[in-house]
Every structure is written in structure tokens, then in C-alpha cells.
Amino acid sequence: MKSLDFLLLLALLSLPDSSAVTHTLKYFYTASSGVPNFPEFVIVGMVDDVQMVHYDSNTRRTQPKQEWMKNVTEDEPGYWDTQSQIGVGHQQIYKGNIETAKQRFNQTGGVHIYQNMYGCEWDDETGEKNGFDQFGYDGADFISFKLKEGIWVAAKREAEITKHKWDQDEAGIEQLKSYYTQFCIEWLQKYVNYGKSSLMRTELPSVSLLQKTPSSPVSCHATGFYPDRATLSWRKGEEELHEDVDHGEMLLNPDGTFQMSVDLKVSSVPPEDWSSYKCVFQLSGGKEITTTLDKNQIRTNWGKPGVRGDGEDPSNTAVIAAVAVVVLALVLIAVVGFLLYRKKKGERWRSEGHSEVKEPLKPNPN
């Protein structure tokens, strides 16, 4: 798969859930073949779209990615050793899986990616539960499990062999149903409880107006907010503007908060109308933060207005910070890009031991 495809898929996966009360547990298993300088097997675990564990075939260890995940050992002694053993077991299984997939598609060499995305979601208000289990090969759907119907759906002709075999395994299907509706939900609730101070926190941003030159657009820049379920827009009165407005992408700050900006072309705005233009930031479910378009509030790198007495140019500082964040984001994408091929809700974190699987493409049902 091309690197651009991975970037697009990563962006899709990073989109926030629409419901603030729906919690998700996701796991991404990725086996690769022919990829230089990259682990042949990787596991990424996420709670509410926040990565909390990582395993790869180079370290052969499952490691916490959030400080609050270290608390799991208080209730589950030996948790990390057990999960590392599970990772090693899956590493061998998925090495066979990708070879079987290559045979199904009559392939030998080249770069190939075999992935499994699975897990569950739980609405803490309604109690509604759901689970997902999907396999992909080289960036395309291969086979997926329909929980309510209890059947496998082949997305490719090459997956029909697997579908027929798995559909006949009634015991395995019942185990999967039990896992997604009970076991996975129980662990999701545990993880949410461990990380509630972080997962459920909200941080409001600092909002600034920036402008490079008198003829440049005015950029409304919001930084330091959390979570990423937020909007930033320009309004004239009560009307949201779409023309002469340019939305920047949302970026991750080094401290885990987020930043974004939206530009407004002010060259055609009469000076007497400036006060009717406002930049509006809103965190999902929260109050709006409005900033009026005011020349006296704009930070610039031209003339005296907006330049601090200490000689530091705030707009330059913001640009440098934004560039640093972009570089950091690209590094992170390079590391995890191969792991994600499309946004799907769900993951299955198995805490039991695993036996060898005779059919390489068959997932462990526990």
C-alpha cells in the first residue's frame, strides 16, 4: 500500500466519535511482509481513540502508552507479562496468516499488509453494546463478522474458503458473541475507569488573532484544548462564513492537547464592519468562546502593534510551534501508519492463553 493511503487511513481513524457518552475499545493487529525497517507484527490498543498499549515483534513486550494504564497491575497482577505472551503467540499466528493470504491471491514477493481490527463499544447512558471484528488485506476489506447475525461476510472471492469454515464453527461463533457482549465490555469499563481523569477531561484553549502582513488573512488560532471534538469558525453576526475562509487542520500538541486555526480574508472587509466579525470556538457540549475581529488584538510581525516589549514575536513563536507539531505528527504517522487502514469501531483484548490455530486465517475465538 502507498504511504499516502496510510496517511489518509490514519486521518480517518483519528476522527472523533459523534457521541460523547459512547466508549470504545479498539485493537489493531498488523502483520507485514516485505517492509524494510518495520516490525513484522504490531499491536496497537486504544480506548476512546487514545492509544493505551503497544506491542511489536522487535521488543516482544506489551507496554503501556498512558500513565494511567500502569494502574491495571493493582487489580490484575502479571497483566503485562500475560499480554506480552499473548502478543508473542499472535505474532506467530499472523506470520502464517499473511503467508496464507499471499497464497490465496497468488502472490510471492512485494509489500503486503494483513490486518485485524476488532473490539466493542458501550453507551454509558443507554447501556447499548456492540462489537466488531474485521480483517483486511493490502488496504481492502477481506472478511468481517456480523455480531447480531452470527455470520462471517466475505468481501473478496479469496475469502470464501475462510467464510465457509468459520460459519461452520458454531462453538467459535458463540464464543465470539460472548466475548463482544460481555468480556470485552467488562474490560472497556475497567479501562475507562482507570483513565477517567484523562479520558473525560476537558481543557479550554487560548485563542489569538495572528496576521503576517497588513494584506494577509487574519488567522484565528486556538491551542491547548482537549478533547479534539471541537469547532472553530468565523461568523458575521449570527451567520457562519464559508467564503473567504480557510480552515486549517487540527494538530496534536506535545502535551496531548490540540490546536487548530481558521483564516479570514479581511482585504474586502470595510474597517467599520470589523466589529461584526467574530471567531467562535466551541468544545463539544460546551459554551462558545468568541473573539471579536479587532486590529488592536491582532498579533503581527510588522510594525509595533502586537510585538511584545521583550522583542519576541508571538506570531513567529506560534508558527515555530506549529511547524514543530507538524514534524512530530509526521514522525508518529511514520511509526503507526502501517497499523491503520480505515476507521472501524471495536477491538478484542484477550487475556487468556492461546493455542495454535490450524487454519492460519482463522482468528482465535476467545
Side-chain angles (χ1 to χ4, degrees), residues 11-12 14-21 49 200-326 328-329:
L12 288 173
S14 67
L15 292 175
D17 292 328
S18 59
S19 173
V21 297
D49 294 328
M200 299 181 182
R201 88 178 198 269
T202 58
E203 299 285 347
L204 296 178
S206 61
V207 181
S208 303
L209 299 180
L210 310 173
Q211 190 178 33
K212 293 182 179 179
T213 70
S215 60
S216 298
V218 172
S219 177
C220 181
H221 181 253
T223 184
F225 61 88
Y226 189 92
D228 58 353
R229 294 186 290 268
T231 59
L232 189 65
S233 61
W234 279 102
R235 294 181 189 173
K236 182 180 181 181
E238 298 300 321
E239 179 185 0
E240 182 174 339
L241 301 177
H242 299 286
E243 294 185 4
D244 297 328
V245 171
D246 185 18
H247 290 269
E249 62 180 316
M250 188 176 298
L251 300 174
L252 179 67
N253 289 324
D255 63 358
T257 62
F258 297 89
Q259 65 167 294
M260 61 178 170
S261 62
V262 57
D263 295 348
L264 173 66
K265 295 180 181 178
V266 294
S267 56
S268 60
V269 178
E272 62 270 19
D273 290 346
W274 274 45
S275 61
S276 62
Y277 287 78
K278 299 181 186 299
C279 174
V280 181
F281 172 89
Q282 185 172 28
L283 200 60
S284 179
K287 295 182 179 180
E288 296 178 346
I289 299 177
T290 60
T291 305
T292 302
L293 182 61
D294 184 345
K295 290 185 178 180
N296 294 325
Q297 299 300 319
I298 297 176
R299 296 182 177 183
T300 71
N301 59 359
W302 51 273
K304 294 183 179 180
V307 178
R308 290 190 289 228
D310 56 9
E312 181 182 357
D313 183 350
S315 62
N316 284 343
T317 302
V319 170
I320 293 172
V323 171
V325 171
V326 170
L328 176 63

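Sequential numbering from 1 along the given sequence is applied to the chain's residues.
Of the inter-residue distances, the one linking Leu209 atom CG with Asn296 atom CG reads 11.0 Å to the nearest 0.5 angstrom. The structure places CD of Gln297 at 9.5 Å from CZ of Arg299, a figure rounded to the nearest 0.5 Å. Expressed to the nearest 0.5 Å, how far OG1 of Thr300 lies from NZ of Lys212 amounts to 13.0 Å. Within the model, atoms CG of Asp255 and CD of Glu203 stand 8.5 Å from one another, a figure rounded to the nearest 0.5 Å. Rounding to the nearest 0.5 angstrom, the gap separating the CG atom in Leu283 from the CG atom in Leu204 is 6.5 Å. To the nearest 0.5 Å, the span separating OG on Ser261 from CG on Leu232 amounts to 7.5 Å.
In terms of heavy atoms, Thr202 sits closest to Pro227 at CG2-CD, 4.2 Å. The shortest heavy-atom contact between Ser268 and Asp244 is OG-OD2, 4.1 Å. Considering all non-hydrogen atoms of both residues, Val207 and Cys220 come closest at CG1-SG, 3.6 Å. Counting all heavy atoms, side chain and backbone alike, Gly256 lies closest to Tyr226 at O-CD1, 3.5 Å. Summarising the geometry of Phe225 relative to Gln259, their closest heavy-atom pair is CE2-CA, 3.7 Å, with the distance given to 0.1 Å. Nearest heavy-atom pair, His221 versus Leu210, reported as atom, atom and distance to 0.1 Å: CB-CD1, 4.0 Å.
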Exercise. Check the pair Leu241 / Ser233 against side chain to side chain contact (heavy atoms under 4.5 Å, CB included), numbers first and verdict last.
Key: CA-CA 7 Å; Leu241 301 177; Ser233 61; over 6 Å; no
Practice problem: Applying side chain to side chain contact (heavy atoms under 4.5 Å, CB included), run through Val266 and Trp274 and close with a yes or a no. | Solution: CA-CA 9 Å; Val266 294; Trp274 274 45; 4.0 Å; yes
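In this structure, Glu272 places its CD atom where more than 12 heavy-atom neighbours from other residues, nucleotides or ligands lie under 6.0 Å away.
Checked against salt bridge (Lys or Arg N to Asp or Glu O under 4.0 Å), Glu288 has the following partners two or more places apart in sequence or in another chain: Arg235. With sequence neighbours left out, the side-chain hydrogen bond (donor to acceptor under 3.5 Å, both in side chains) criterion links Ser208 to no other residue. Not counting sequence neighbours, the partners of Asp246 by the side-chain contact (heavy atoms from CB on, under 4.5 Å) test are Asp263.
A side-chain contact (heavy atoms from CB on, under 4.5 Å) with Val245 is found for one member of His242, Glu243, His247 and no other, namely His247. The one candidate from Thr291, Leu264, Val218, Thr292 that meets the side-chain contact (heavy atoms from CB on, under 4.5 Å) condition with Tyr277 is Leu264.
Distance alone, capped at 3.5 Å, is enough to place a donor-acceptor pair between the Gln211 side chain and the Ser216 backbone.
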